[in-house]
Amino acid sequence: MFRFDLQHESNGARRGVFHTPRGDVQTPGFMPVGTVGTVKGLTIDQVAATGADMILGNTYHLRLRPGHETVARLGGLHQMCGWDGPILTDSGGFQVFSLGALNKVTEHAATFRSHLDGSKIELTPEHSIEIQQALGSDVAMVLDHVIALPAEQSVVEDALARSIRWAKRCRDAADRPEQALFAIVQGGLDPELRRQCATELAAMPFEGFAVGGLSVGEAPEEMYATTAVTTVHLPVDKPRYLMGVGTPRDLLENIARGIDLFDCVMPTRNGRNALAFTDDGPIKLRNAVHREDTRPIMEDCPCLACRHSRGYVRHLFNANEMLGPILLSHHNLTYYGRLMRQTRQAIEEDRFSAFAAGKLRGWGYEPMDAVA
């Protein structure tokens, strides 16, 4: 029911299509984050207008509210939020990591306190799959053990081994053929550990593979290097997903290293804080220089924000009007969607390296010489 077609490669970048029962996902692609069943501040039609093929929901947050049983009674996540395309759900592993002192990880489960009411919750690999099956997502993620970086070698090795064992438990618990299951490669910044984890997981029957445990404190260059040493050990005919990443630069750098799918809260979170992504770098709309600027954020952008002047959008933020965050969230997601469409075309036309170099220069970075 799930198939990945690799259509073309250009200097390490892959152009493909991930086929699902609810529609095709064009890759490279970016998934807007709808943590609790909504992409914050936008209607589902507005999200679709950004060009997204697939969105993301979160197991941990939906388990807490409204509860996965409630979501199931409301017809599943698709019907509840009104999205008829594919949905991927995260397993909750990253949220357990982010709770820090509120969690305890054993071989059996991750036990933690709810950030809402302090109640004790036990998340086993089996329970993570149970929740995701109740949500009815098209792609479920295995539960993994996420750690902060840098970390001691013994800590990285322990989390890696546990992540592999938990991946097997998730695979054994999953029994819905209409829901794909993606494994998650851990191993910190150690190339040999990444190879070991990727090789062991690739031998199991997963429909896709994620690179996890990055964007947790390491430098961007360390992330890129780790991605590169991981993807070479993953199956060519399965989608590769880099979790929780990132900036426009991060997307192009990791596409050059063989990544197909991304998700991140950055476009909407920055949009809510008056920062707009553009081909000339980010623009801070609260700055006084935009007070009487009659230009749109970007001249050729079809988003809702770019129907108005920079001065008007700045006014909305300074007046604490909710429309400001809505407009910039829509702009940023539209920008990410267009960047992915332009990237796919550049790969198809064998000009990805030149395309990426031009974008990077516009954002103020050196071209990716090491990859090109």
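For Phe262 and Tyr336, the ring centers sit 6.0 Å or farther from each other. Between His127 and His68, a ring centre-to-centre spacing shorter than 6.0 Å is recorded. Under the 6.0 Å cut-off for aromatic ring centres, His115 and Tyr60 qualify, their centroids lying closer than that.
Grouping the Ile, Leu, Val, Met, Phe, Trp and Tyr side chains by contacts below 4.5 angstrom, directly or via other members, places Leu6 apart from Val17. The cluster map of Ile, Leu, Val, Met, Phe, Trp and Tyr, joined by side-chain heavy atoms under 4.5 Å apart, puts Val289 and Leu285 in different clusters. Neither Leu234 nor Val232 shares a network with the other; the hydrophobic side chains, linked directly or stepwise wherever heavy atoms of I, L, V, M, F, W or Y lie under 4.5 Å apart, form separate groups for each. Transitive grouping of hydrophobic side chains (ILVMFWY, heavy atoms separated by less than 4.5 Å) keeps Val156 and Val229 in distinct clusters.
With respect to Glu348 and Arg344, no salt bridge is recorded, no charged nitrogen being found less than 4.0 Å from a carboxylate O. A salt bridge links Asp279 to Lys359: one of the charged nitrogens lies within less than 4.0 Å of a carboxylate oxygen. Ion pair Arg176/Glu130 not flagged as a salt bridge, since none of the NZ, NE, NH1 or NH2 atoms sits closer than 4.0 Å to an Asp/Glu carboxylate oxygen.
Of the inter-residue distances, the one linking Leu64 atom CG with Thr59 atom OG1 reads 11.0 Å to the nearest 0.5 angstrom. Note that CZ of Arg22 is 4.5 Å distant from CG of Asp138, once rounded to the nearest 0.5 Å. Between Phe30 atom CZ and Leu261 atom CG the span is 11.0 Å, to the nearest 0.5 Å. Once rounded to the nearest 0.5 Å, the distance linking CG of Leu56 with CE of Met243 reads 7.5 Å. Taken from OH in Tyr241 to CE in Met141, the straight-line distance is 6.0 Å, to the nearest 0.5 Å. Leu88 contributes atom CG, which lies 8.5 Å from atom CZ of Phe18 (distance to the nearest 0.5 angstrom).
Checked by atom type and distance alone, the side chain of Asp263 pairs as donor or acceptor with a backbone atom of Gly244 at under 3.5 Å. In this structure, the side chain of Asp53 does not engage the main chain of Val25 through any donor-acceptor pair within 3.5 Å. Without hydrogens or angle criteria, Arg14 side chain to Val236 main chain gives a donor-acceptor distance under 3.5 Å. Counting only distance, with no hydrogens or angles, the side chain of Asp144 and the backbone of Ser163 share no donor-acceptor pair below 3.5 Å. In this structure, Arg314 contributes its side chain and Arg286 its backbone to a donor-acceptor pair below 3.5 Å. Listed for the Trp166 side chain is no donor-acceptor partner under 3.5 Å among the backbone atoms of Ala109. Of the possible polar contacts, one joining the Thr43 side chain to the Gln46 backbone as a donor-acceptor pair under 3.5 Å is found. Using a distance-only test at 3.5 Å, with no hydrogens or angles considered, no donor-acceptor pair links the side chain of Thr199 to the main chain of Gln196. Side-chain atoms of Trp363 come within 3.5 Å of backbone atoms of Thr278 as a donor-acceptor pair (strictly under, hydrogens ignored). Between the Asp293 side chain and the Arg295 main chain, a donor and an acceptor come within less than 3.5 Å of each other.
Shown here for Phe182 and Phe206, the closest heavy-atom pair between the two residues is C-CD2, 4.2 Å. Considering all non-hydrogen atoms of both residues, Pro325 and Met322 come closest at CD-O, 3.2 Å. Thr50 and Val47 make their closest contact through OG1-O, 2.6 Å (heavy atoms, listed as atom of the first residue, atom of the second, distance). Across all their heavy atoms, Cys81 and Ile87 have their closest contact at SG-CD1, 4.4 Å. Nearest heavy atoms, His330 versus Leu304: ND1-N, 3.2 Å. Annotation for Ser114 and Ile121: closest pair CB-CD1, 4.2 Å, computed over non-hydrogen atoms.
None of Ile255, Val185, Asp250, Ile259 except one satisfies the side chain to side chain contact (heavy atoms under 4.5 Å, CB included) rule with Thr227; the exception is Ile259.
Inspection of the Gln133 and Asp175 side chains reveals an N or O donor paired with an N or O acceptor under 3.5 Å. For the residue pair Asp117/Ser119, the side-chain donor-acceptor check at 3.5 Å is satisfied. For the residue pair Gln132 and Ser128, a side-chain donor N or O sits within less than 3.5 Å of a side-chain acceptor on the partner. Of the N and O atoms on the side chains of Gln345 and Arg15, not one donor lies less than 3.5 Å from an acceptor on the other residue. Inspection of the His145 and Arg162 side chains reveals an N or O donor paired with an N or O acceptor under 3.5 Å.
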Inset, instruction - Please step through salt bridge (charged side-chain N to carboxylate O under 4.0 Å, His left out) for the pair Arg73 and Glu69, ending with a clear verdict. - result: CA-CA 6 Å; Arg73 287 191 288 268; Glu69 299 97 339; 5.7 Å; no
Legend entry - Audit row: Arg171, Glu207, salt bridge (charged side-chain N to carboxylate O under 4.0 Å, His left out) steps and yes/no: CA-CA 11 Å; Arg171 181 74 275 175; Glu207 286 78 22; 3.5 Å; yes
Legend entry - Chi angles and distances behind the side-chain contact (heavy atoms from CB on, under 4.5 Å) call for Val146, Gln186: CA-CA 8 Å; Val146 184; Gln186 292 290 346; 4.1 Å; yes
Inset, instruction - Start with the C-alpha distance between Val313 and His331, add both sets of side-chain angles, then the distance that settles side-chain contact (heavy atoms from CB on, under 4.5 Å), and finish with yes or no. - result: CA-CA 11 Å; Val313 176; His331 169 81; over 6 Å; no
Inset, instruction - Could you go through the side-chain contact (heavy atoms from CB on, under 4.5 Å) check for Arg169 and His108 one step at a time? - result: CA-CA 10 Å; Arg169 287 169 60 183; His108 174 65; 4.1 Å; yes
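The environment of CG in Asn318 is crowded: more than 12 heavy-atom neighbours from other residues, nucleotides or ligands sit within 6.0 Å. For Arg269, the CZ atom sits in a loose shell: 12 or fewer heavy atoms of surrounding residues, nucleotides or ligands are nearer than 6.0 Å. Heavy atoms of other residues, nucleotides or ligands lying less than 6.0 angstrom from CD of Glu192 number more than 12. The environment of Arg65 atom CZ is sparse: at most 12 non-hydrogen atoms of other residues, nucleotides or ligands sit within 6.0 angstrom.
Side chains of Pro267 and Tyr335 form no contact here, defined as non-hydrogen atoms less than 4.5 Å apart. The side-chain heavy atoms of Leu339 and Thr343, taken from C-beta on, include a pair separated by under 4.5 Å. A heavy-atom distance below 4.5 Å is found between the side chains of Met223 and Asn254. Contact annotation: the side chain of Phe317 approaches that of Leu328 to within less than 4.5 Å [non-hydrogen atoms, C-beta and beyond]. No side-chain heavy atom of Val139 sits less than 4.5 Å from a side-chain heavy atom of Pro86. Side-chain contact between Pro125 and Arg165 is absent, with no heavy atoms from C-beta onward closer than 4.5 Å. At least one side-chain heavy atom of Leu189 sits under 4.5 Å from a side-chain heavy atom of Leu214. Contact annotation: the side chain of Ile55 never approaches that of Met31 to less than 4.5 Å [non-hydrogen atoms, C-beta and beyond].
Below 30°, between 30° and 60°, or above 60°: for Tyr312 and His308 the angle between ring planes is between 30° and 60°, a tilted geometry.
Taking the side-chain hydrogen bond (donor to acceptor under 3.5 Å, both in side chains) definition, one finds that Arg240 meets it with nothing, sequence neighbours left out.
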